Amino acid sequence: MSQSTHSTTGTTGTTGSSEQQRWTEVDRYFSELLAPADDALAAALRDSDAAGLPKIAVSPNQGKLLQLLAELRGARRILEFGTLGGYSSIWLGRALPAGGRLDTLEFSPAHAEVARTNIARAGLADRVKVHVGPALETLPRLAAEDTTPYDLVFIDADKANNPHYLEWALKLSRPGTLIIGDNVVRSGEVIDPAHTDDGVRGVRGFLDMLAEHPRVTATALQTVGSKGYDGFAMALVTE
Ligand code: SAH
Ligand code: DHB
Ligand code: MG
């Protein structure tokens with residue numbers, strides 16, 4: 001297949017190309033083996049779907065990666081931008097010890113309601129809190145209530161605001177905090193410095209900040225899988 005017939009049409013990667021089929025099949029193999037769904041995860045996706053939420057949650061093996069990273073970090077406090085139906089929140093919430101806490105920020109009241117049900121069914125209502133509203137309005141309140149820094153931050157909401165989200169993540173972090181950004185490839189368009197799309201510009205601004213910030217060391221990886229062609233950025237807050 002030539003480059004000009006690249007298989008993905010967007011971050012959800014739902015083209016029918018054989019390349020996409022292969023990525024999906026391999027993802028299924030890895031996930032069924034290493035990140036199998038249990039009742040709570042399956043129900044979270046099923047009920048998100050039934051409620052008409054977009055099918056843009058992280059894939060199962062990406063969810064497991066988030067859980068592993070939180071476990072590696074020994075995270076007791078996690079911040080998530082973009083809850084959707086709570087699927088990634090369940091994976092992250094499972095990494096928390098008793099007494100740990102995940103604050104997840106969701107603009108849409110409808111999404112948040114679905115997420116709260118999914119999170120409660122997963123037995124995580126005591127440690128996962130869904131906060132409804134635009135993240136940039138919620139954050140100042142959260143920060144005023146509790147100044148304990150977060151150990152891990154997952155940025156996965158509206159990409160145009162990524163630079164603002166990163167600014168808050170850094171404000172609420174400590175040396176050792178891990179910051180993860182989803183969907184940093186934008187179908188490859190992330191390389192265009194003149195792009196006019198707000199999401200592309202937001203992701204580029206976010207990556208520039210990671211590159212330039214004196215307290216941050218970072219990388220970004222392209223991925224393929226059931227969600228098509230995309231990528232993660234990862235940053236460690238130093239000193
Ligand atoms: N992390 C989820 C997917 C999140 S999808 C998972 O992997 O399961 C992105 C979510 O961000 C959507 O639910 C959308 O409503 C939410 N969102 C968009 N703009 C937002 C904003 N300004 N503040 C908070 N959430 C926002
Ligand atoms: C979209 C958002 C996401 O967070 C994602 O993982 C995939 C797609 C979107 O808005 O299309
Ligand atoms: Mg995402």
Side-chain angles (χ1 to χ4, degrees), residues 8-14 27 35 37 40-49 51-67 69-70 78-94 102-119 122 124 128-142 152-169 180-187 189-190 197-200 202-203 206 220 222-234:
T8 58
T9 52
T11 51
T12 48
T14 48
D27 242 8
L41 287 167
L45 290 180
R46 187 196 62 217
D47 287 3
S48 296
D49 222 17
L53 271 52
K55 287 171 175 281
I56 55 175
V58 293
S59 64
N61 44 355
Q62 289 172 342
K64 183 70 178 284
L65 174 65
L66 293 173
Q67 181 185 323
L69 290 169
I78 300 174
L79 175 64
E80 177 176 64
F81 293 82
T83 315
L84 192 65
Y87 183 75
S88 55
S89 314
I90 293 173
W91 283 106
L92 285 166
R94 286 179 172 175
L102 162 61
D103 290 310
T104 180
L105 313 182
E106 175 52 53
F107 173 78
S108 155
H111 294 187
E113 191 188 322
V114 173
R116 285 192 180 117
T117 304
N118 288 336
I119 287 161
L124 294 167
V128 178
K129 261 200 106 172
V130 182
H131 304 270
V132 186
L136 293 174
E137 287 179 22
T138 306
L139 271 165
R141 277 191 287 112
L142 279 186
L152 186 148
V153 182
F154 180 46
I155 300 180
D156 191 24
D158 51 324
K159 311 311 170 198
N161 274 319
N162 268 19
H164 301 297
Y165 297 157
L166 179 58
E167 207 167 292
W168 272 101
I180 304 163
D182 194 20
N183 313 118
V184 297
V185 168
R186 318 313 302 165
S187 308
E189 292 175 25
V190 69
D197 177 77
D198 288 345
V200 172
V203 168
F206 166 82
Q222 301 176 80
T223 59
V224 294
S226 56
K227 289 188 74 183
Y229 167 52
D230 211 326
F232 279 116
M234 276 197 244

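Values below: every heavy atom of this structure, side chains too, minus hydrogens, waters and symmetry copies. As the structure lists them, so they are numbered: ligands from 1, and atoms in each ligand from 1. Note that the structure is predicted; figures quoted are calculated from it, not measured.
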Peer 1: Using heavy atoms and a threshold below 4.0 Å, how should the contact between Trp91 and ligand 1 be classified: side chain, backbone, both, or neither?
Peer 2: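 The answer is neither.
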Peer 1: Nearest heavy-atom pair of Val190 and Val200: which atoms, and what distance?
Peer 2: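 Looks like CA-CG1, 4.2 Å.
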Peer 1: How close does the nearest protein non-hydrogen atom get to atom 26 (C) of ligand 1, and which residue and atom is it?
Peer 2: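 The closest heavy atom on the protein side is Phe107 CB, 3.4 Å.
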Peer 1: Should Asp49 and Lys55 count as an ion pair when the cut-off is N to O under 4.0 Å?
Peer 2: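 Salt bridge: yes.
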Peer 1: So which atom in Ile56 and which in Lys227 form the shortest heavy-atom distance, rounded to 0.1 Å?
Peer 2: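 The pair with the smallest heavy-atom distance is O-NZ, 2.9 Å.
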Peer 1: Kindly compute the distance separating CG (Leu65) from CG (Leu69), expressed to the nearest 0.5 Å.
Peer 2: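 So the CG of Leu65 and the CG of Leu69 are separated by 4.5 Å.
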Peer 1: Taking backbone and side chain together, does Ser88 place any N/O/S atom at a distance below 2.8 Å from the Mg ion (ligand 3)?
Peer 2: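 So Ser88 does not count as coordinating the Mg ion (ligand 3).
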Peer 1: Under a 4.0 angstrom heavy-atom cut-off, which atoms of ligand 1 come close to Gly82?
Peer 2: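 Those of ligand 1 that fall under 4.0 Å from Gly82 are 1 (N), 2 (C), 4 (C), 10 (C), 11 (O).
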Peer 1: Which atom names give the shortest non-hydrogen contact between Tyr165 and Ala135, and what distance separates them?
Peer 2: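 So the minimum-distance heavy-atom pair works out to CE2-CB, 3.7 Å.
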Peer 1: Considering heavy atoms of the protein only, find what lies nearest to atom 12 (C) of ligand 1 and give residue, atom and distance to 0.1 Å.
Peer 2: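 The closest one turns out to be Glu106 OE1, 3.5 Å.
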Peer 1: Give the atoms of ligand 1, by number and element, whose distance to some non-hydrogen atom of Leu105 is under 4.0 Å.
Peer 2: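 Checking each atom against Leu105, I get 24 (C), 25 (N).
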Peer 1: Closer than 4.0 Å to some heavy atom of Gly133 - which atoms of ligand 1 meet that?
Peer 2: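 Those of ligand 1 that fall under 4.0 Å from Gly133 are 23 (N), 24 (C).
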Peer 1: Give the atoms of ligand 1, by number and element, whose distance to some non-hydrogen atom of Tyr165 is under 4.0 Å.
Peer 2: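 Under 4.0 Å from Tyr165, ligand 1 has these atoms: 21 (C), 22 (N), 23 (N).
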Peer 1: What protein heavy atom lies closest to atom 7 (O) of ligand 1? Include the residue and the distance to one decimal.
Peer 2: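 Protein heavy atom with the smallest distance to atom 7 (O) of ligand 1: Val58 N, 2.9 Å.
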Peer 1: Of the protein's non-hydrogen atoms, which lies at the shortest distance from atom 6 (C) of ligand 1, and what is that distance?
Peer 2: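 Its nearest protein heavy-atom neighbour is Ser88 OG, 3.0 Å.
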Peer 1: For Ser226, is there any backbone N or O sitting under 3.5 Å from a side-chain donor or acceptor partner on Asp27?
Peer 2: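 Yes: the side chain of Asp27 pairs with the backbone of Ser226.
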Peer 1: Within less than 4.0 angstrom of ligand 1, does Gly86 place any heavy atom?
Peer 2: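 The answer is no, since Gly86 has no heavy atom less than 4.0 Å from ligand 1.
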Peer 1: Counting only heavy atoms closer than 4.0 Å, does ligand 2 sit against the backbone of Ile56, its side chain, both, or neither?
Peer 2: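 Both the backbone and the side chain of Ile56 come within reach of ligand 2.
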Peer 1: What angle, to the nearest 10°, do the atoms OD1 (Asp156) and OD2 (Asp182) form about the Mg ion (ligand 3)?
Peer 2: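 Centred on the Mg ion (ligand 3), the OD1/OD2 angle is 100° (to 10°).
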Peer 1: Any idea which atoms of ligand 1 are less than 4.0 Å away from a heavy-atom of Leu84?
Peer 2: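 Going through ligand 1 atom by atom, the ones under 4.0 Å from Leu84 are 2 (C), 3 (C), 4 (C), 5 (S), 13 (O).
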Peer 1: With heavy atoms only and a cut-off of under 4.0 Å, state how Asp182 meets ligand 2: side chain, backbone, both or neither.
Peer 2: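 Side chain only; the backbone of Asp182 stays clear of ligand 2.
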Peer 1: Can you tell me the protein heavy atom closest to atom 5 (S) of ligand 1 and the distance?
Peer 2: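 That would be Ile56 CD1, 3.6 Å.
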Peer 1: Considering non-hydrogen atoms of the protein only, which is the closest contact for atom 9 (C) of ligand 1, and what is the distance?
Peer 2: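 Going by distance alone, atom 9 (C) of ligand 1 is nearest to Asp156 O, 3.2 Å.
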Peer 1: Which atoms of ligand 1 have any heavy atom of Thr83 under 4.0 Å away?
Peer 2: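 Those qualifying, in numeric order: 2 (C).
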